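Reviewing the structure listed below.
A quick note: this is a predicted structure, and the numbers were derived from the prediction, not measured.
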2 protein chains.
Amino acid sequence: MDARSAPASVEELLDRVLEVSDGLPKRLKQCADYVAANPDRVAVSTVAEMSEGAGVQPSAFMRFCQVLGFSGFSQMQRLFRDSYAQNWPDYATRLEKLRESGAGSPSALLAEFVEAGRLSLENLAKTLDPRTLDAAIKALSEANMVHIVGMRRAFSVASYLAYAFEKMNVPTMLHDSVGKLDSRHAIRAGDAVIAITFAPYSPETVALAEAGSRAGAKVVAITDSLASPLRPVTPLLLTVSEADFGDFRSLSATLSLAVALVVAVGTANRARKNGIP
Amino acid sequence: MDARSAPASVEELLDRVLEVSDGLPKRLKQCADYVAANPDRVAVSTVAEMSEGAGVQPSAFMRFCQVLGFSGFSQMQRLFRDSYAQNWPDYATRLEKLRESGAGSPSALLAEFVEAGRLSLENLAKTLDPRTLDAAIKALSEANMVHIVGMRRAFSVASYLAYAFEKMNVPTMLHDSVGKLDSRHAIRAGDAVIAITFAPYSPETVALAEAGSRAGAKVVAITDSLASPLRPVTPLLLTVSEADFGDFRSLSATLSLAVALVVAVGTANRARKNGIP
DNA sequence: CCGGACATAGAAGATATGTTCCATTTTGCG
DNA sequence: CGCAAAATGGAACATATCTTCTATGTCCGG
């Protein structure tokens, strides 16, 4: 058996598989080929299913896992499961530990948030539905005015959207509720509303989105899950799940979505103006 | 129990979850929310893991599965495991596809910004000087009050910092210049100022940072290059170079730095309070 | 042609996991 | 305020799954 220890990542494992597969007995090579061909199945299958797929006995598959340096199938599967879940199972607990230990240096903390941001970005690219995005951009670019609302944590996103739309010469109104002034009646039919809210959802944001919808405006929602209270309000639901830590999330993915929205809308508007001179 | 049979697809299931979640008892609603927020974990987790994540007992999660029309957790999980194989065009390939699918399409645009954000994050982790970060956190955690200033594009960062510091019970003042009210004289010796500005640098931000420095406050700068006008004002210069895309930058890295700052300062404060009772 | 070593298949055993049941607590209603 | 119904938590139970073991088969070298 190989003296080296077990691979620490899926990539490393696949490299190892290719490396050793030539010198392997027949059945074990079948396993190697099958794993190399369907690495994605490992995470969600049982040994029985894998071995059947490879055309071997379960015990043969077990030996294969052990040749790779694992104690058994379960250990190997854990690797695949973790990589699928993208490690954000326990970001909260990891950071919690970092904080409790006190040994968590600021740089380590920053590294955690950088990593969380990266995962959020990847997840955004993977899960966002292009059609919903297209529809949202269409609604926004056809609007006479874009109203933006987001409170508390989401306010930074709202203010960024307001800034960027202004740069793009898109008529915009940021509903900031300074002085608790109620500005919901500024929304007209033919306008559009971008409502941003994350759990715990801010009632003011939801209320303004509903008011806008009643007034005949299209509503685009940026929120964190399908369970959002904005779901009944609009079909244009852009969901962004950031890896968060208690009340904190870095908003990396949300901001990227925001800037993409703005640029797309700005471009669409310019094209329309040029196309209809 | 619901007379209808179990959902046949993940989408159908999530719809059903949203539909029934309002009329559900507390613990079952926790399950519903958790599944809605992390549908991807169902495929690779055990009941124990899921129920822990939702903050309920395994038996509660079982009941939840049965309310949905499944015989148990296993049947529900099968749904997720089966659908898993399909949406596994992984991040890299997905991004590639998004880019190819028409240069100007919104999805392609989003992919660009996601990639830009990722590069910014990696760059941040690589280039930020840990000692400067430590010093900045020390200055902020020792301050009586933290003043935050950032205009235009940087305002979203400033508002996020204000929100997050408030959550951490750190005394904070956001200088937003609403109504052009001048609040610079609120800064005292023993306070700290976080000034955020990117090229083209906002004169108001620089002016307030200078005023704070003259008043005897420590100044922490978040800016985009060493050529920043804030450099003469303070040695605590945190430089973040975001990958630009035209006139827009997504602020992914800046926001990650911001949240790391806040958590580190909040933790340091708490430690000090406990250490000096 | 024979003997030994390795590979294999199948079954038996150990473990982890899902599931159910029941006592206790909470909630809602008269 | 008291009762009944629902919800909940925890532990016991059943089962699916992993893992190990051994008898059998196959290949290679002497």
Grab the [atom1]-[atom2] distance between [X] and [N] for me, whole Å please.
X     : N      : atom1 : atom2 : value
B:R81 : D:dT17 : CZ    : P     : 8 Å
B:Q30 : D:dT8  : CD    : P     : 8 Å
A:R27 : D:dC27 : CZ    : P     : 11 Å
A:M62 : C:dA14 : CE    : C1'   : 12 Å
A:M50 : D:dT19 : CE    : C1'   : 17 Å
B:K26 : C:dT27 : NZ    : C1'   : 12 Å
B:F61 : C:dG18 : CZ    : P     : 10 Å
B:Q75 : C:dT17 : CD    : C1'   : 17 Å

Phosphate OP1/OP2 of [N]: any [X] side-chain N/O under 4.0 Å:
X     : N      : answer
A:S74 : C:dA16 : no
A:R63 : C:dA7  : no
B:Q66 : C:dT20 : yes
A:Q57 : C:dG10 : yes

Review point. Considering heavy-atom distances to DNA chain D, does B:L28 or B:P58 have its closest nucleotide positioned more toward the 5' end?
Key: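 The residue closer to the strand's 5' end, by nearest nucleotide, is B:L28.
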Check your understanding: Taking for each residue the nucleotide of DNA chain D bearing the nearest heavy atom, is the 5' side occupied by B:P25 or by B:R78?
Key ->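 With B:P25 and B:R78 compared, the 5'-side residue is B:P25.
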For the residue pair [X] and [Y], confirm or rule out a side-chain donor-acceptor distance under 3.5 Å.
X      : Y      : result
A:T223 : A:S228 : yes
A:S241 : A:N123 : yes
A:E242 : A:T254 : yes

Review point. With a 4.0 Å cut-off on heavy atoms, is B:S59 in touch with a base, just the backbone sugar-phosphate, or nothing at all?
Key: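 The residue B:S59 makes base contact.
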Exercise for review: Output yes when A:R78 and A:D82 qualify as a salt bridge under the 4.0 Å nitrogen-oxygen rule, no when they do not.
Suggested key: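 Salt bridge flag = no for A:D82 with A:R78.
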Exercise for review: Heavy atoms only: give me the nearest A:L28-A:A60 pair and the separation to one decimal.
Suggested key: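 Scanning both residues, the minimum pair turns out to be CD1-O, 3.6 Å.
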